[in-house]
Amino acid sequence: MPIVLHHLNNSRSQRILWLLEELGVPYEITNYQRLPNQQAPPELIKVHPLGKSPVITDGDVTIAESGAIIGTRPPDPLQMNLYGCSFSICTEYLIKKYGDGKFSPDTEIGRVNDLYFLHYAEGSVMPPLVNKLIFSMAPNEAPWFIRPLVRMIMNRMSTGFIEPEIQKHADLVESHLSKNDWFAGGSGPTAADFSMAMVIEVFVMLGYAGPGIKAHVEKVKARPAWQSAMDKGGEYMYASKL
Ligand SMILES: N[C@@H](CCC(=O)N[C@@H](CS)C(=O)NCC(=O)O)C(=O)O
């Protein structure tokens with residue numbers, strides 16, 4: 001039975017689509033369209049209680065959360081035992097189960113960077129990016145007569161708190177990518193690149209990308225697997241137009 005990717009338009013699920021194309025494993029896509037309020041449709045709750053995407057189903061296993069789905073391959077059997085997981089049920093999934101040695105950093109520092117950026121994407125940088133989006137949407141949710149006031153407050157919160165935070169992240173990522181071709185160094189993508197793919201696209205979209213980030217986006221976009229993921233994934237508003 002092939003892996004099923006539960007894919008939401010304009011979403012983080014595009015990361016997983018890119019990875020599945022790179023892995024070359026058989027998979028199917030079940031498409032879900034965002035509702036007018038941008039939330040996922042209720043059918044996704046039947047797949048996973050949070051009703052968010054990405055989620056994959058692989059036989060009996062249903063697993064959510066980008067970092068857990070992408071996973072990374074431990075460097076040696078000892079470390080695998082430390083993780084306490086087998087190939088069939090493992091908390092960090094696709095690369096470990098299907099990677100066959102691909103997308104794994106080959107240096108110690110590469111492994112540290114791979115692990116860091118794999119989890120940094122959702123743990124640290126996505127929250128302020130999502131906050132900025134929500135703050136920009138908030139005025140339209142307010143009754144019309146207080147909308148200008150809400151807009152003013154949201155703008156102040158955004159420029160005072162959120163944007164400086166995003167700038168710090170963009171500086172960190174720019175500095176890292178100006179010294180490394182891929183997030184874990186090396187000559188091709190690893191878990192960290194799949195996890196960070198949407199983040200760097202959003203940096204470009206919001207005008208935070210420096211030359212290191214832009215060069216990285218070009219490298220990602222040049223990969224045939226990325227292009228077929230774009231063809232198969234449908235609407236993805238974050239795709240950068242450099
Ligand atoms: N940390 C989760 C975030 C999942 C998430 O929030 N997905 C968004 C799409 S980018 C979603 O499903 N939004 C629809 C909703 O919340 O109803 C992950 O990386 O998988």
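Start at 1 with the first residue, then count along the sequence. Note that ligands are numbered from 1 as they come in the structure, with each ligand's atoms numbered from 1 the same way.
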Which of the numbered atoms in ligand 1 are under 4.0 angstrom from any heavy atom belonging to Gln39?
17 (O)
Using only atom types and a distance under 3.5 Å, with no angle test, would you say the side chain of Thr159 pairs donor to acceptor with the backbone of Asn155?
yes
Heavy-atom pairs closer than 4.0 Å: do any link ligand 1 to the side chain of Leu50, the backbone, both, or neither?
neither
Salt bridge (charged side-chain N to carboxylate O under 4.0 Å, His left out) between Arg34 and Glu235: does it pass, once the steps are laid out?
CA-CA 11 Å; Arg34 284 186 189 266; Glu235 195 187 5; over 6 Å; no
Give a yes or no answer on whether the side chain of Gln33 reaches the backbone of Pro41 with a donor-acceptor pair at less than 3.5 Å.
no
Please check this pair: side chain of Glu165 against backbone of Pro128, looking for a donor-acceptor N/O pair closer than 3.5 Å.
no
Would you check, one step at a time, whether the test salt bridge (charged side-chain N to carboxylate O under 4.0 Å, His left out) holds for Lys46 with Glu43?
CA-CA 6 Å; Lys46 294 185 196 138; Glu43 297 86 76; 5.6 Å; no
Look only at the side chain of His216 and the backbone of Asp181, and say whether a donor-acceptor pair between them is shorter than 3.5 Å.
yes
Output field: ring centroids Tyr208/His169 closer than 6.0 Å:
no
Check each atom of ligand 1 against the heavy atoms of Arg15 and keep those under 4.0 Å away; list them by number with element.
19 (O)
Any atoms of ligand 1 less than 4.0 Å from a non-hydrogen atom of Glu122? List them with their elements.
1 (N), 2 (C), 3 (C), 18 (C), 19 (O)
Does ligand 1 have an atom under 4.0 Å from some heavy atom of His6?
no
Numbering the atoms of ligand 1 from 1, which are under 4.0 Å from a heavy atom of Ala40?
14 (C), 15 (C), 17 (O)
The closest protein heavy-atom partner of atom 2 (C) of ligand 1 is Glu65 OE2, 3.3 Å
Any non-hydrogen atom of Ser53 lying under 4.0 Å from ligand 1?
yes
for atom 16 (O) of ligand 1, nearest protein heavy atom and its distance come out as Lys52 NZ, 2.5 Å
Could you tell me the residue and atom name of the protein heavy atom closest to atom 3 (C) of ligand 1, and the distance to it rounded to 0.1 Å?
Arg12 NE, 3.5 Å
Atom 9 (C) of ligand 1 sits nearest the protein heavy atom Arg34 NH2, 3.4 Å
Shortest protein heavy-atom distance from atom 20 (O) of ligand 1, along with the residue and atom involved:
Ser66 N, 2.9 Å
Let me know which of His48, His6, Glu28 forms a side-chain hydrogen bond (donor to acceptor under 3.5 Å, both in side chains) with Thr57.
His6
